[in-house]
Amino acid sequence: MTTLTTITSTVTAAFLGSFVEVVEAFTIILAVGVTQSWRPAFIGTGLALGVLAILVLALGPLLGLIPVELMQFVIGTLLVLFGLRWLRKAILRASGFIALHDEDKAFAAETDSLRRQSSERRANLLAGIAAFKAVLLEGIEVVFIVIATGAGHGMIGYASLGAAAACLLVLIIGIFLHKPLSAVPENSLKFVVGLLLSAFGIFWVGEGIGADWPGDDLSLLAILAVLAVFSFAAVRMLRQYFNAHAEVAAC
């Protein structure tokens, strides 16, 4: 049953997850364009988008051949693994155990690498390959997010709208700012996306094995709340542990 809760959560999860991936791809494209030239950046991006389009066209008809329950179970399982990976990293970053992701540093590292290659005869080719790889790899994750958040209830269209809105927003902001989107709270977004994807995964695994969720789709909110409570508790405990060991090391 399609409800407003399902539609809203699907669009939100697809939008936030895609936004994070598109920001990372945009950083590489911008580095290629600024350091080398925009021609290889656009060519690499265009080729990657073409490959992604072929991938989507190939996967689309196959989804209709898979029983809904099996699809929910398989995608739900993958979604739990994918979401928990994001959530684990977000918890470790929020607690201080690993460094926060910094788009400015990523941009500087990619720019430095491209400048070292600029004197080579195949500099344009290497720059185009960098843009191609960035868009293809991040794009595949966007496709997975769209399928994972939309396929379980036949809402690929709604998930695609969320992903398209994320791509458009990043493009508009990038055109006006013409610099890495370092002001975007990417680590906070990854925390939220990790929670959403994990909640979707748990919900769909349950549906795939025939579980009767109380409140139907509204149970998604309850799953999300439970995950959020445990995640924030984990951040607090790990932060206290990290601070205590940092004080001991300083003595």
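Values below: every heavy atom of this structure, side chains too, minus hydrogens, waters and symmetry copies.
The closest side-chain heavy-atom distance from R88 to L84 is not below 4.5 Å. By the 4.5 Å heavy-atom criterion applied to side chains, F15 and L161 are not counted as neighbours. Residues I202 and L227 are in side-chain contact: their nearest non-hydrogen atoms beyond the backbone lie under 4.5 Å apart. At a threshold of 4.5 Å between non-hydrogen side-chain atoms, the residues V80 and S198 do not count as touching. In this structure, V51 and F132 have side chains that are in contact, with non-hydrogen atoms separated by less than 4.5 Å. The side-chain heavy atoms of V143 and V146, taken from C-beta on, include no pair separated by under 4.5 Å.
Between atom CD1 of residue I29 and atom OG1 of residue T45 there is a gap of 3.5 Å, rounded to the nearest 0.5 Å. Atoms CZ and OG1, from F82 and T77 in turn, are 15.0 Å apart once rounded to the nearest 0.5 Å. Summarising the geometry, atom CG belonging to L92 is positioned 6.5 Å from atom CG belonging to L238; distances are rounded to the nearest 0.5 Å. A distance of 12.0 Å separates CD in E138 from NZ in K133, rounded to the nearest 0.5 Å. Between the CD1 atom of I91 and the CZ atom of R236 there is a distance of 15.0 Å, given to the nearest 0.5 Å. Here the straight-line distance linking atom CG of L196 with atom CH2 of W86 works out to 10.5 Å at 0.5 Å rounding.
The two residues A163 and V142 come nearest to each other via the heavy atoms CB-CG1, 4.1 Å. Of all the heavy atoms in A14 and A159, the pair that sits closest is CB-O, 3.3 Å. The shortest heavy-atom contact between T8 and T12 is O-OG1, 2.7 Å. The shortest heavy-atom contact between L136 and A48 is N-CB, 3.7 Å. The shortest heavy-atom contact between A131 and A41 is CB-O, 3.8 Å.
You'll find the ring centres of F19 and F26 outside the 6.0 Å limit.
Cluster annotation: V226 is not connected to W204 through the hydrophobic network of ILVMFWY side chains, with a link wherever side-chain heavy atoms come within less than 4.5 Å. In terms of hydrophobic clustering, with Ile, Leu, Val, Met, Phe, Trp and Tyr side chains grouped at heavy-atom distances under 4.5 Å, F230 and L197 are assigned to different clusters. Follow the hydrophobic side-chain contacts under 4.5 Å out from L81 and you never reach I209; the two are in separate clusters. L49 and L169 fall within the same hydrophobic cluster, where Ile, Leu, Val, Met, Phe, Trp and Tyr residues are linked whenever their side-chain heavy atoms come under 4.5 Å apart, directly or through other members.
No more than 12 heavy-atom neighbours from other residues, nucleotides or ligands sit within 6.0 angstrom of CZ on R39.
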